[in-house]
Amino acid sequence: MKAALNSSRKQGKISKYIYGQFAEHLGRCIYEGLYVEDESIPNKNGMRTDVVNALRELEIPVLRWPGGCFADDYHWRDGIGDKSKRPYMVNTNWGGVVENNHFGTHEFFELCEQLGTEPYICGNVGSGTVQEMRDWVEYMTFDGDSPLANERRANGRKEPWKLKFFGVGNENWGCGGNMRAEFYADQYRRYATFIRNYGEEPIYKIAGGPNSDDANWTEVLMKNISHATNGISLHNYTFEHNWDNKGSATQFDKDGWYSLMADAQRMEKNICLHEAIMDRYDPENKIDLIVDEWGNWFNVEPGTNPGFLYQQNTMRDVISGMLILHIFHNHNKRVKMANIAQMVNVLQSMILTEGEKMVLTPTYHLFRMMKGHMDGEKLDIDYNGGEIDVDGVKVPKISVSASEKNGAVTISMCNVSLDSDEDIEIALRDRDFTSAQAEILTSKNMNDCNTFDAPETVKPKKLDVTLNGGTLTLKLPKMSAAVITLK
Ligand code: AHR
């Protein structure tokens, strides 16, 4: 494949927040995965040292919490103060297990501080009250003298926390209340009114947006709340076939590989669908599309709790992940944040844990390799790597994206094909480069995954590339993802 990188053709910033993450009180994401009370597992104030250290490498820009469906069942007051006195609840969304509320607001901010990430909190519209939501914001962010701010101080936090992103409900068309779009729009107006700005920076409000291709939801929201929101969320998961036929994370054949890649293309289709509606109401592009739940959703690993959504992770997750991240890059004008679901032990996670053991998933390596794009200026790269026809859906065989930050150019590319390697030749226009470094993520078999017994089956390696005058050449093997840094 021949391509041309046009370094002087800049195409807008790729918001770092599209590399955001999501951690819900679901299965073993928070408890066991991130937070432990078992002192035999090394931790700092409850946060697992091994997991935090690994996640810090990703430079995660933003973390969404406490859900997901859990958010609309969560009452923040249950998660503050003396842990031994915090009320228990049943996590009815996720396995009916007991939630002891030992991980609450203070613990979440502690986790964010340890990770060096910005918090994004999702409030409860479905079963909460306006007062509950407004009080939570005051408790977290007010610097002055008020009963709520003083209660925060009494609970150990003197300074207010910096909180920029706040979600007004989650999936309110479903687990967040089964509302009609019109009803939610009215609820949004009411709840959002009372989310006050106590800190220096105004709170960036995110409305609970559509599921997948629900154009009506977006239309109603844009018509009724566009004056009162900063962003509208979109949830769009990827399945091997569809919601009713999710497939196994590891036991798939060639058809399963390609049909997942075809379903990943729904992200492009759905972003275009919602963007077109947003463009009509908001031609000035003031409201962002926030894809705050995305990723591959498979059947749970055999023998695990069906409500815990625990799944393995292979090269299939890496390639579909890069395809989708490139879709976000291409829509950088409207898509300003995305949060992959979820951080640890749930869905397409970065990390899996078992007791004191931890493994990094192939998706973790993808996110580590892609870091150079965060807040980079997107660059034009011309290429045509051909398409693969999957039952009428056109999947790019090769997908490439380029950006520039601090003088370095990052080029990411993947080869979706299971059969053919690709020789890549990129003409480097408008700029001279003197060095090229590259990493590649691939594996022997498409089903390979990292297990607690073999944690390094899928891991990045150095890739040999040639920089000759104004041309970069490399071989991109089948079923691989590579990231090149040019200086
Ligand atoms: O990420 C798992 C669940 O998927 C979330 O709780 C919900 O918002 C979505 O349906």
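Read the numbers this way: they start at 1 and go in the same order the structure lists the ligands and their atoms.
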Please list, in number order, the atoms of ligand 1 under 4.0 Å from a heavy atom of [X].
X      : result
Glu171 : 7 (C), 8 (O), 9 (C), 10 (O)
Gly68  : 5 (C), 6 (O), 8 (O)
Gln342 : 1 (O), 2 (C)
Asn170 : 8 (O)
Cys69  : 5 (C), 6 (O), 7 (C), 8 (O)
Phe22  : 1 (O)

What is the closest protein heavy atom to [atom], and at what distance does it sit?
atom                   : value
atom 1 (O) of ligand 1 : Tyr237 OH, 2.7 Å
atom 6 (O) of ligand 1 : Glu24 OE1, 2.7 Å
atom 8 (O) of ligand 1 : Glu293 OE2, 2.7 Å

Applying a 4.0 Å heavy-atom criterion (strictly less than), which segment of [X] is in contact with ligand 1: side chain, backbone, both, or neither?
X      : result
Phe70  : neither
Leu347 : side chain
Trp294 : neither

Ring-plane angle category for [X] and [Y], please: parallel below 30°, perpendicular beyond 60°, tilted otherwise.
X      : Y      : answer
His373 : His329 : perpendicular
Trp136 : Phe166 : perpendicular
Tyr139 : Trp161 : tilted

Exercise for the section: Under the side chain to side chain contact (heavy atoms under 4.5 Å, CB included) rule, collect the residues that match up with Glu354, sequence neighbours excluded. Expected result: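 If we apply the side chain to side chain contact (heavy atoms under 4.5 Å, CB included) test to Glu354, skipping adjacent residues, the hits are Lys357, Phe452.
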Practice task
State plainly whether the residues Glu439 and Arg368 are in salt-bridge range, i.e. N to O under 4.0 Å.
Solution key: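 Yes, this pair counts.
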Practice task
Please confirm whether the backbone N or O of Ala23 pairs with a side-chain atom of Gln342, one donor and one acceptor, at under 3.5 Å?
Solution key: no
Exercise for the section: Check for a donor-acceptor pair, side chain of Arg334 on one end and backbone N or O of Ile287 on the other, with a separation under 3.5 Å. Expected result: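 Side chain of Arg334 to backbone of Ile287, a donor-acceptor pair under 3.5 Å: yes, one is there.
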Problem - Trp297 N/O under 3.5 Å from ligand 1 N/O - result: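 No, no N or O pair falls under 3.5 Å.
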Problem - Given Leu325, Asn339, Asp375, Ile340, the one that forms side chain to side chain contact (heavy atoms under 4.5 Å, CB included) with Tyr19 - result: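 Among Leu325, Asn339, Asp375, Ile340, the one meeting side chain to side chain contact (heavy atoms under 4.5 Å, CB included) with Tyr19 is Leu325.
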Exercise for the section: Would you list the pairs meeting salt bridge (charged side-chain N to carboxylate O under 4.0 Å, His left out) in which at least one residue belongs to residues 211-239, sequence neighbours left out? Expected result: Glu219-Arg280
